[in-house]
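Values reported hereafter were calculated over all heavy atoms of this structure, with side chains retained and with hydrogens, waters and symmetry mates removed. Remember, it's 1-based here, ligands and their atoms both numbered in the order they're listed.
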Amino acid sequence: MDGTLMDDTLMKKAAEAISRSHHTVALTGAGISVESGIPPFRGKGGLWEIYDPMEYATIDAFLRNPEKVWRVLLMATINDLKKAEPHSGHIGLARLEAIGRLRTIITQNVDGLHQRAGSRDVIEFHGSFASYRCLRCDRKAGMEALELSTLPPPCECGGIYRPDCVFFGEMIPPHHLERSHTIAAQCDVMLVVGTSATVQPAADLPLVAKQAGAVIIEVNPEKPPLTRRVSDIFLKGKAGPVMDRLATEVEHRI
Ligand code: NAD
């Protein structure tokens, strides 16, 4: 079975569960944006095949050599984000929210594609590349206001900007962590789309939901370790075709 040949029985089971649910939430990861041209971290074509995360993605690495991290990892990410458009995977989730079958998306992504697809309640668990802040004076700036011809981009105060994302080694913003945990414990269905669920503490959220009795529906072309531990329904395939079909199946049931 692949992205074009989905298991019909499992698809219908997933659609039934979402249609009947009172509180569905989604947890998304880098995989949902692969079809928008943004590479994930792990696996085939992942950024860690090119970059060593310890050298580029930790807060210590950034503070040690911000010019290097900006020049290599951050500019590559920004260039990918500028070209990216939401696809039917992001739109499928927005369709579920529009018909009242999905309340909240907790995303580990920093690309803003859920909001651009029309989703309204999105928790950006790992922050965002849409905004930046000065390390010295805390002034905020949007991507378009950054002076990217000089790296790291300078602030008027003489400081430098960093993205409002969470580097490895940094804390998740407490309000995002708290709300995500509460939602995970309250939901009755959790859709887990395009994440290897290996980055803590986001990886705990499906476990929290499962322990509270939720049905876990997972969408991924590979079988990540999560599948064996907590998923009740595994929809094998790419986020685009699977979410498009799932949204249609749920729409037919309301
Ligand atoms: P990950 O790189 O660890 O795993 C990606 C997962 O997506 C894998 O399980 C893979 O099998 C799956 N996948 C690949 N192609 C897919 C597709 N077409 N449809 C559905 N699934 C697909 O990513 P992660 O688990 O999200 O966690 C790592 C971190 O990556 C997060 O902290 C996130 O902040 C960061 N990240 C974000 C972006 C982004 O914003 N788009 C991009 C790269 C990394």
(message) Taking Lys12 first and then Glu16, would you say they form a salt bridge - that is, a charged N and a carboxylate O separated by under 4.0 Å?
(response) no
(request) Indicate yes or no: does Asp138 engage Lys140 in a salt bridge with an N to O separation below 4.0 Å. (result) yes
(message) Check this for me - ligand 1, Pro224, N or O atoms closer than 3.5 angstrom, yes or no?
(response) no
(message) Quick test: of every protein heavy atom, which one is nearest to atom 33 (C) of ligand 1, and how far off is it to 0.1 Å?
(response) Gln108 O, 3.0 Å
(message) Below 4.0 Å, non-hydrogen atoms only: which portion of Glu35 touches ligand 1? Side chain, backbone, both or neither.
(response) side chain
(request) Determine, considering heavy atoms only, which of Phe129, Phe41, Trp48 sits nearest to atom 35 (C) of ligand 1. (result) Phe41
(request) Give a yes/no on ligand 1: does Pro221 have at least one heavy atom closer than 4.0 angstrom to it? (result) yes
(request) Output the list of atoms in ligand 1 that are nearer than 4.0 Å to some heavy atom of Asp111, sorted by atom number. (result) 39 (C), 40 (O), 41 (N)
(message) If the test is side chain to side chain contact (heavy atoms under 4.5 Å, CB included), which one of Ile18, Asp232, Val192 qualifies with Ile217?
(response) Ile18
(request) Under 4.0 Å, heavy atoms only, figure out whether ligand 1 is touched by the backbone of Val199, its side chain, both or neither. (result) side chain
(message) Looking only at distances, can you tell me whether any N or O atom of Val34, backbone or side chain, sits closer than 3.5 Å to an N or O atom of ligand 1?
(response) no
(message) Using a strict threshold of under 4.0 Å (side-chain N to carboxylate O), is an ion pair present between Arg116 and Glu85?
(response) yes
(message) Side chains of Ser33 and Ser36: any donor to acceptor distance under 3.5 Å?
(response) no
(message) How far is atom 19 (N) of ligand 1 from the closest protein heavy atom, and which atom is that?
(response) Ala239 N, 2.9 Å
(request) For residues Leu96 and Val250, determine if any side-chain heavy atom of one lies less than 4.5 Å from a side-chain heavy atom of the other. (result) yes
(message) By the side-chain hydrogen bond (donor to acceptor under 3.5 Å, both in side chains) test, which pairs, at least two apart or in different chains, include something from residues 48-66?
(response) Glu55-Lys68
(request) Using a strict cut-off of 4.0 Å, indicate which atoms of ligand 1 neighbour a heavy atom of Gly29. (result) 26 (O)
(message) Is Gly240 close enough to touch ligand 1? Criterion: a residue heavy atom under 4.0 Å from a ligand atom.
(response) no
(request) Do me a favour and list the nearest non-hydrogen protein atom to atom 23 (O) of ligand 1 with residue, atom name and distance? (result) Ala30 CB, 3.4 Å
(message) For atom 40 (O) of ligand 1, what is the closest protein heavy atom, and at what distance to 0.1 Å?
(response) Val110 N, 2.7 Å
(message) On a heavy-atom basis, which atom in Ser119 and which in Leu93 lie closest, and how many Å separate them?
(response) OG-C, 4.2 Å
(message) Is there a path of hydrophobic side-chain contacts, each under 4.5 Å between heavy atoms of I/L/V/M/F/W/Y residues, joining Ile106 to Leu191?
(response) no
(message) Starting from atom 37 (C) of ligand 1, what is the nearest protein heavy atom, named by residue and atom, and what distance separates them?
(response) Asn109 OD1, 3.6 Å
(request) Would you kindly specify which portion of Arg42 sits under 4.0 Å from ligand 1, judged on non-hydrogen atoms: side chain, backbone, both or neither? (result) both
(message) Under 4.0 Å, counting heavy atoms only: does Ala197 come that close to any atom of ligand 1?
(response) yes
(message) Below 4.0 Å, non-hydrogen atoms only: which portion of Ile38 touches ligand 1? Side chain, backbone, both or neither.
(response) side chain
(request) Consider only side-chain heavy atoms of I, L, V, M, F, W and Y, link residues closer than 4.5 Å, and tell whether Ile160 and Met75 are in one cluster. (result) yes
(message) Please work out, at 4.0 Å between heavy atoms, whether the side chain, the backbone, both, or neither of Thr195 comes within that distance of ligand 1.
(response) both
(message) Give me each pair satisfying side-chain hydrogen bond (donor to acceptor under 3.5 Å, both in side chains) with a member in residues 171-187, each pair once, sequence neighbours excluded.
(response) Asp121-Arg179
(request) May I ask you to list the atoms of ligand 1 that are less than 4.0 angstrom from any heavy atom of Glu222? (result) 11 (O)
(request) Kindly confirm or rule out an N or O of Pro39 lying under 3.5 angstrom from an N or O of ligand 1. (result) no
(message) Under 3.5 Å between any N/O of Asn220 and any N/O of ligand 1: does that happen in this structure?
(response) yes
(message) Using a strict threshold of under 4.0 Å (side-chain N to carboxylate O), is an ion pair present between Glu156 and Arg139?
(response) yes
(request) Measure Ser33 to ligand 1 on non-hydrogen atoms and call it side chain, backbone, both or neither using the 4.0 Å cut-off. (result) side chain
(request) Would you mind checking which non-hydrogen protein atom is closest to atom 17 (C) of ligand 1, with the distance to 0.1 Å? (result) Gly31 O, 3.2 Å
(request) Indicate the ring-plane relationship of Phe167 and Phe62, choosing parallel, tilted or perpendicular according to the 30° and 60° boundaries. (result) parallel
(request) Answer yes or no: is there an ion pair linking Arg162 with Glu170, defined by an N-O contact shorter than 4.0 Å? (result) yes
(request) Among all protein heavy atoms, pick the one closest to atom 31 (C) of ligand 1 and tell me residue, atom and distance. (result) His126 ND1, 3.5 Å
